[in-house]
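Accompanying notes for the structure given below.
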Amino acid sequence: MSGYAMTTSDAFVWRVGRGEVTLSRAGDAWMVSYTSVGRLLGPRQLLYENRHRDPTHAAWDVMARVVLASRDEDEGLRAGRSAAQWLRAWPNQRAFSGSPDNGDENGSR
């Protein structure tokens, strides 16, 4: 079960099976959400949502959610790389620093 990315200037979306992982800008942070989609599941259901100040953490989070949705680590790596490329292309985006000063909003590092 292979996924695919849909990118716009507003969001990066990775769809795999019945799951959809979305990365978007939310003020001064990045929002990662994981929802279920599909005709048999009824309305879209939010399974996970988190905000990250560090774009690197957001890309890792996308990778982790895709691994959970697809049960395929290679698929997660492809999604994470694609999300990182999308983040780098974001207008006025500062470079990925990876510095420990840029934690996500919930305080984890």
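Just so you know, these numbers use all the heavy atoms, side chains as well, and skip hydrogens, waters and symmetry mates. Numbers here are sequence positions counted from 1. Please read these numbers as outputs of a predicted model, since none were measured by experiment.
Here Ser33 pairs with Thr22, Leu46, Glu49 under the side chain to side chain contact (heavy atoms under 4.5 Å, CB included) rule; sequence neighbours left out.
Look at Arg65 and Asp61 and you find a salt bridge, because one of the NZ, NE, NH1 or NH2 atoms lies within 4.0 Å of a carboxylate O, short of that distance.
Considering CH2 of Trp30 and NE2 of His57, their distance stands at 14.5 Å, rounded to 0.5 Å.
Leu47 and Trp14 end up in the same hydrophobic cluster when Ile, Leu, Val, Met, Phe, Trp and Tyr side chains are linked at under 4.5 Å. Connection of Tyr48 to Val21 is established within a shared hydrophobic cluster, with ILVMFWY side chains joined at heavy-atom distances below 4.5 Å, either directly or through further cluster members. Val16 and Leu23 end up in the same hydrophobic cluster when Ile, Leu, Val, Met, Phe, Trp and Tyr side chains are linked at under 4.5 Å. Hydrophobic clustering (side-chain heavy atoms under 4.5 Å, transitive across Ile, Leu, Val, Met, Phe, Trp, Tyr) keeps Met63 apart from Val32.
Nearest heavy atom pair, residue Tyr34 against residue Gly19, reads CE1-CA, 4.0 Å. A pairwise comparison of heavy atoms in Val62 and Ala79 identifies CG1-O, 4.2 Å as the closest pair. Contact between Ala26 and Arg51 at its shortest, heavy atoms only, is O-NH2, 3.3 Å.
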Show your working on side-chain contact (heavy atoms from CB on, under 4.5 Å) between Met31 and Ser24 and close with a plain yes or no. CA-CA 5 Å; Met31 180 69 69; Ser24 59; 4.0 Å; yes
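Side-chain contact check for Arg78 versus Asp72: some heavy-atom pair is nearer than 4.5 Å.
Arg15 places no side-chain N or O within donor-acceptor distance of the main-chain N or O of Gly17, the cut-off being under 3.5 Å.
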